[in-house]
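Beneath this line is the structure, given in structure tokens, with notes to follow.
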Amino acid sequence: MRSFAGRDILSLKEFERNEYFRVFEIADRVEPYARDRHNGDLLQHKTLVTAFYQPSTRTRLATEAAMHRLGGHVTGFSDAKMTRAGDFYQEGIQDTVRMLECYGDVIAMRHFQQGAPAEAAKHASVPVINCGDGWGEHPTQVLTDMMTIYRERGTLDGLTWVLIGDMRMRTMHSISYALSQFDTKVYVIAPDEMYFLPEFADEITERGLNWERKEHIDQVVGEADVIYMEPVVQPDYTKSRDERTGDVGLTPPNYQVTKKLLFGKAKADAIVLHSLPRMDELTPDVDTTRHQRYWVEAYNGVLMRMALLSLILGAFE
Ligand code: CP
């Protein structure tokens, strides 16, 4: 297996099947810190730099929490407007990362431009973690999703997934790459204007993903082991900030998951995942059903990032 030490985590395209299990194994080993709410000292001599050019609740705070749990240090920004990248100077990625690499040992970056973390990695002498780049990818979210399913089902093979919502989303790209490493059947449900780009559809087919398009959740909810959701009412991820103005519309039933739908049709052990935040595509009455695992992911997201940081920073080989 390739070493994780010093590695950039930019895409799940490059992630090999056995590497998922290695990350999950390390997550098990570091879990006592998170479970017992007790910060350790595994990364006490290391510093994480967070460079977030787009809003985030989960990804930034889970990554920072992971570093704190391991006794490491954290610096960075959560609003580029308060840096030279977001003011008059519009300082570029190359110049910015030449600074950031001196302030810490790993950079976690979210950016509104697809490919920005990869561009940063070209110029940084420390590893870069892609925490979401435009419509591109969101590897750490999907590693958390995969770990959540592995913990629940004990396998990532032999499962039927329904991907529902906006297929342009970075999570949908990363999950498609991830699922292509496993024996899965995938149904894809999205409006035409939010469907996979033709070249991406061709790419995942070439990668061996067994997938098929459907029109309505009703058609496949009874077959699903995992329902993986994103909104169809959502912001433009190529903008640094997209604030809601006025009425944004409602989600058509084709792309909506409700308690009534699940109790009428879903398998008893079907799992619903959503990277959050949600709009009305996932109704709050699902939160108290046995199908809900999106709140479980708040915890798993910290564990997974503890594992990734430990591996990248060489605390485990
Ligand atoms: N899942 C996710 O990326 O959430 P945030 O935008 O809050 O980080």
Side-chain angles (χ1 to χ4, degrees), residues 9-12 23 27 48-68 74 76-81 106-117 128-149 161 163-178 194 226-244 248 257 271-282 284 286-287 292-309:
I9 305 294
L10 300 172
S11 164
L12 291 186
V23 175
L48 163 73
V49 182
T50 47
F52 274 61
Y53 292 77
Q54 246 186 350
S56 167
T57 299
R58 283 146 282 269
T59 312
R60 182 174 67 82
L61 294 173
T63 308
E64 294 187 355
M67 196 62 180
H68 287 299
V74 178
F77 58 86
S78 56
D79 183 353
K81 279 201 163 38
V106 56
I107 299 168
M109 177 177 285
R110 169 169 287 188
H111 206 289
F112 49 91
Q113 283 171 358
Q114 187 167 340
V128 175
I129 302 175
N130 177 5
C131 289
D133 60 327
W135 294 118
E137 279 204 61
H138 198 346
T140 65
Q141 172 65 45
V142 168
L143 284 168
T144 304
D145 300 324
M146 298 298 275
M147 191 176 84
T148 300
I149 297 305
W161 289 62
L163 309 186
I164 180 169
D166 189 339
M167 293 304 133
R168 300 169 305 169
M169 269 300 283
R170 47 203 184 197
T171 48
M172 292 301 185
H173 295 148
S174 291
I175 197 81
S176 300
Y177 289 134
M194 296 182 182
V226 184
I227 301 172
Y228 189 82
M229 303 189 68
E230 283 289 349
V232 294
V233 177
Q234 64 173 352
D236 179 349
Y237 274 79
T238 63
K239 291 183 180 170
S240 59
R241 176 174 292 275
D242 191 357
E243 286 178 16
R244 198 189 308 176
V248 289
V257 171
I271 291 171
V272 177
L273 293 181
H274 192 306
S275 71
L276 303 171
R278 63 178 153 189
M279 296 294 279
D280 66 328
E281 71 285 352
L282 174 61
V286 178
D287 294 7
Q292 174 277 115
R293 293 294 183 283
Y294 33 94
W295 300 127
V296 175
E297 292 209 289
Y299 175 73
N300 286 348
V302 177
L303 285 191
M304 197 286 303
R305 289 167 178 103
M306 287 167 76
L308 215 49
L309 288 166

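All ligand and atom numbering here is 1-based and tracks the order in the structure.
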Do the ring planes of Tyr53 and Phe77 sit parallel (below 30°), tilted (30 to 60°) or perpendicular (above 60°)? perpendicular

Look at the side chain of Arg170 and the backbone N and O of Gly134, then say whether any donor-acceptor pair between them is shorter than 3.5 Å. yes

Per side chain to side chain contact (heavy atoms under 4.5 Å, CB included), Thr171 is matched among His274, Met229, Glu137, His138 by His138

Just to confirm my output: which protein heavy-atom neighbour is closest to atom 4 (O) of ligand 1, and how far is it? Arg58 NE, 3.0 Å

Is there a polar contact, in the sense of an N or O pair closer than 3.5 Å, between Leu276 and ligand 1? yes

Within the 4.0 Å heavy-atom shell around Gln141, which atoms of ligand 1 are there? 1 (N)

Under 4.0 Å from a heavy atom of Thr59: give me the atoms of ligand 1 that qualify, with their elements. 2 (C), 3 (O), 4 (O), 5 (P), 8 (O)

Taking Arg110 for its side chain and Cys131 for its backbone only, find out whether a donor-acceptor pair lies under 3.5 Å. yes

Of the protein's non-hydrogen atoms, which lies at the shortest distance from atom 6 (O) of ligand 1, and what is that distance? Arg110 NH1, 2.9 Å

Give the residue and atom name of whichever protein heavy atom lies nearest to atom 3 (O) of ligand 1, and the separation in Å to one decimal. His138 NE2, 2.8 Å

Would you check if the side chain of Gln54 reaches a backbone N or O of Ser56 as a donor-acceptor pair within less than 3.5 Å? no

Before signing off on this row, confirm whether Thr57 and ligand 1 have an N or O atom pair separated by under 3.5 Å. yes

Distance from atom 1 (N) of ligand 1 to nearest protein heavy atom, with residue and atom: Ser275 O, 2.8 Å

Taking Arg168 first and then Asp166, would you say they form a salt bridge - that is, a charged N and a carboxylate O separated by under 4.0 Å? yes

